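Working notes for the structure below.
Atoms within each ligand, like the ligands themselves, are counted from 1 in listed order. We're numbering straight along the sequence, starting at 1. Note: hydrogens, waters and symmetry copies are ignored here, and every other heavy atom, side chains too, is used. As the structure is a computational prediction, the values presented were derived from the model and not from experiment.
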Amino acid sequence: MTENLDLFSAPAPENKAQAAIDLEAKAAALRAQLNQWAHQYYVLDEPTVPDAEYDRVFRELQALEAAHPHLLTPDSPTQRVIGAVMEGLAPVRHVVPMLSIHTETDTEATGAQAFDARVRRELGLTDADPAIEYVAEPKFDGLAMSLRYERGRLVQAATRGDGEVGEDVTHNIRTIRQIPLTLPEGVPPVLEVRGEVYMRRADFDALNERQREQGGKTFVNPRNAAAGAVRQLDSNITAQRPLSFFAYGLGAITPADQGGPVFRTHYEMLQTLKSWGFPVAAQVQIARGATELVAFHQQVGASRDALPYDIDGVVYKVNSLQLQRDLGFKTREPRWAVAHKYPAQEMATRIEGIDIQVGRTGKLTPVARLAPVFVGGVTVTNATLHNLFEIRKKGVRVGDQVIVRRAGDVIPEVVGVMASGPRPAYVKNFRMPRQCPICGSEVVREKGEANHRCTGGLFCAAQRKEAILHFAARRAMDIEGLGDKLVDQLVDANVIRTLPDLYRLGLSALVMLERMGDRSALNLLAALEKSKQTTLPRFLFALGIRHVGESTAKDLAKHFGTLDALMGVDAESAATEEQLLQVPDVGPIVARSVHTFFQQPHNREVVEQLRACGVTWPEGAPTERGPQVLAGKTIVLTGTLPTLSRDAAKEMLEAAGAKVSGSVSKKTSYVVAGEDAGSKLAKAEELGVPVLDEAGMLALLAGEGGAA
Ligand code: IVH
């Protein structure tokens, strides 16, 4: 947006006056820009630039003000904590201001070293003095919250606002299950707990998926979704947006001379908060000296993608509260804490083109080709645009500067347009192609659907590839070693046209392929042979019938018992839609899809040929699978079990007749919980559903369970 200014070379005398005016104008422009972005971010909850871009301009203004102190104004964004009170929410004056933290923008080890050196210097320490003890914490990417408890009851929750005055969001915060509404006996009469309200990635993805399906507004990132959810006037809306909380500090508290607690260290205070029922992140730890800070930064950085929530860095705090007091504050920031960042997960870049990808079910996904950008630790050149409606809603066009997000191992996506500068006349609004770019078949969009689809079916090479990969997947036919590179080659070389062709592969055809030695070819043939012994649910799932996932495949297999009972000897004797509707959990959409599938001669042909190739499974009587001791029971698995994998536990339960479900309700018979069990365990406890550990589950399977 702004060209870089030359701050260092002296202007020629005749230009001096002009240069001074230019500098002033420049500073004013930067201030206006930052204020506008901050308003969009904090007040409207609609950020228009990535944080990294805001930070860059913020630093530019800081540098300008440092070089020319007369340009500094008291209302400059560099001088205050930004954020204003939203209309409709009552203002709350913080008894103890909510400050921000100085950010070490250097994402390398030197960031931690610089902080440690600064603290030591300010405390007047020399190299001979021992290492300083810090507490190292993740920097959660949500919004700061102050929770006020009086006599152990939550009486007020407030956002940070401008640091002095925030907004009263008590009604919304009460909907967050992780936040205790009452505290145990013995807590100080006045207690303000400070921490971060955030949204877990999985909750964020599910929320956006739901919004997308319902044609609602999608959120650009979990932090924004969390902020939007908290700053609602209607707490029913907040309640539908699953939020979480981590405590990391204190505000006001009953003073020691009035019976309040005396904490010696920050760590001790966090442990106490934990004992009072507040979530404290498991990563929080004590670190001694710069070396251990660096190690923490690297260790948390390496596990960043695996965390269930977004973090944008780590925070280091001097552990001793006495030393914190000695160090004190510098205008808006404490000297005893620093935020040390990681590479941004959102960056700005340009869309150079829009390609179309065709998936297994024929769905056409528009994918943005990007000017390469380093985001979330990797260089990204493609990002999904989801579908035509998302493109329209976001107003994305080729040539636009956009925000690209990559967090965790999710597919990078374009979350919004940053600046849609002047568009060349030839840039048209994006359109979906009328013909499939892969096979030329007609593209259609069914009524009420957001997605466009290719009608080519298995005639379409893209769909064929995806269908084969799905067929070979671990939870389907489990053909080890048949990955996407190999499938590309097999389909492109026309060696495989239909699924049964897989079982007709010979050594000679395989060794002709690139990068395929005798050894891997033999391994693949062995894996194919092995996959022929399967189960009916796996086989049904592997066929890739639309709307038939793993669990529906199991329901179908269980209900019909044999494939013939489901598909009949010919199309006419196949199960009707009414018969399919008798299957538990099968609704009209699934019934129609299964029925249609088995009406197609080419699908029946594929099934017959697969059987002719030797694909087989034990058919029939459920009794073959052992006593159905859990018939009619619904069980939910959560957390990590000590010895059994999730799949293994699920298979054992289902073999005994239980239905394994993903969510806890009043109808759930048992919840089997392992380590790190989260909200499902909490829900079970809330609803009074019996909770078992692995041993309890095994006892139940052995028929030793009580009544439930
Ligand atoms: S301590 C005086 N600890 O970062 C220091 N803040 O600019 C007060 N944040 O929006 C903050 N994780 O909400 C602290 N472990 C952590 C944090 C953290 C995230 C946020 C905080 C605020 C910003 C500080």
Side-chain angles (χ1 to χ4, degrees), residues 38 41-42 45 47 51 54-55 58 77-83 94-105 115 119 134-147 157-164 166-167 169 173 179 192-199 221-224 226-227 230-231 243-253 265-267 269-271 273-274 278-287 293 296-297 300 304 307 309-319 321 323-325 327-342 345:
Y41 180 124
Y42 287 106
D45 282 332
D51 286 3
Y54 180 92
D55 290 347
F58 189 89
T78 61
Q79 300 305 297
R80 65 185 200 110
V81 181
I82 299 164
H94 299 297
V95 182
V96 176
M98 294 182 77
L99 300 158
S100 48
I101 323 181
H102 180 75
T103 300
E104 201 56 69
T105 46
F115 171 62
V119 169
Y134 297 101
V135 175
E137 308 175 359
K139 186 172 189 297
F140 314 107
D141 207 1
L143 72 158
M145 191 61 54
S146 186
L147 306 173
T159 64
R160 181 165 68 146
D162 66 1
E164 303 285 336
E167 298 153 323
V169 289
I173 293 307
I179 293 183
E192 277 180 22
V193 175
R194 302 246 163 113
E196 197 88 347
V197 170
Y198 66 97
M199 193 178 283
N221 55 40
R223 181 198 55 213
N224 198 239
V230 165
R231 301 174 73 229
L243 295 169
S244 304
F245 180 76
F246 276 127
Y248 56 60
L250 283 183
I253 184 163
T265 64
H266 178 75
Y267 193 78
M269 181 268 291
L270 288 182
Q271 295 310 310
L273 289 182
K274 200 165 151 183
F278 293 94
V280 173
Q283 287 80 8
V284 172
Q285 66 182 57
I286 289 180
L293 293 183
F296 182 82
H297 187 256
V300 173
R304 184 184 185 192
L307 288 177
Y309 47 83
D310 280 3
I311 59 173
D312 57 348
V314 289
V315 178
Y316 311 132
K317 298 170 183 173
V318 171
N319 193 19
L321 298 183
L323 288 186
Q324 286 191 6
R325 284 187 286 271
L327 285 159
F329 296 84
K330 186 179 146 190
T331 41
R332 59 201 284 267
E333 303 154 349
R335 286 201 188 83
W336 44 264
V338 81
H340 190 188
K341 292 247 180 174
Y342 290 121
Q345 288 180 320

List of N/O pairs, ligand 1 versus protein, all under 3.5 Å?
from, atom 1, to, atom 2, distance (Å)
ligand 1, 3 (N), K317, NZ, 2.9
ligand 1, 4 (O), K139, NZ, 3.3
ligand 1, 7 (O), I101, N, 3.0
ligand 1, 12 (N), F140, N, 3.1
ligand 1, 13 (O), E196, OE1, 2.3
ligand 1, 13 (O), Y248, OH, 2.6
ligand 1, 15 (N), E137, OE1, 2.7
ligand 1, 15 (N), P138, O, 3.1

Under the ring-ring contact (aromatic ring centres under 6.0 Å, His included) criterion, do Y134 and F296 qualify, and how do the steps go?
-> CA-CA 11 Å; Y134 297 101; F296 182 82; over 10 Å; no
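With respect to the salt-bridge test (charged N to carboxylate O, under 4.0 angstrom), the residues D55 and K341 qualify.
Inter-residue side-chain proximity for Q283 and I311 is flagged as unmet; no heavy-atom pair is nearer than 4.5 Å. V284 is listed as a side-chain neighbour of P138, based on a closest heavy-atom distance under 4.5 Å.
Judged by distance alone, the side chains of E104 and H297 never bring a donor and an acceptor atom under 3.5 Å apart.
We find the CD1-CG distance between I179 and L243 to be 8.5 Å, quoted to the nearest 0.5 Å.
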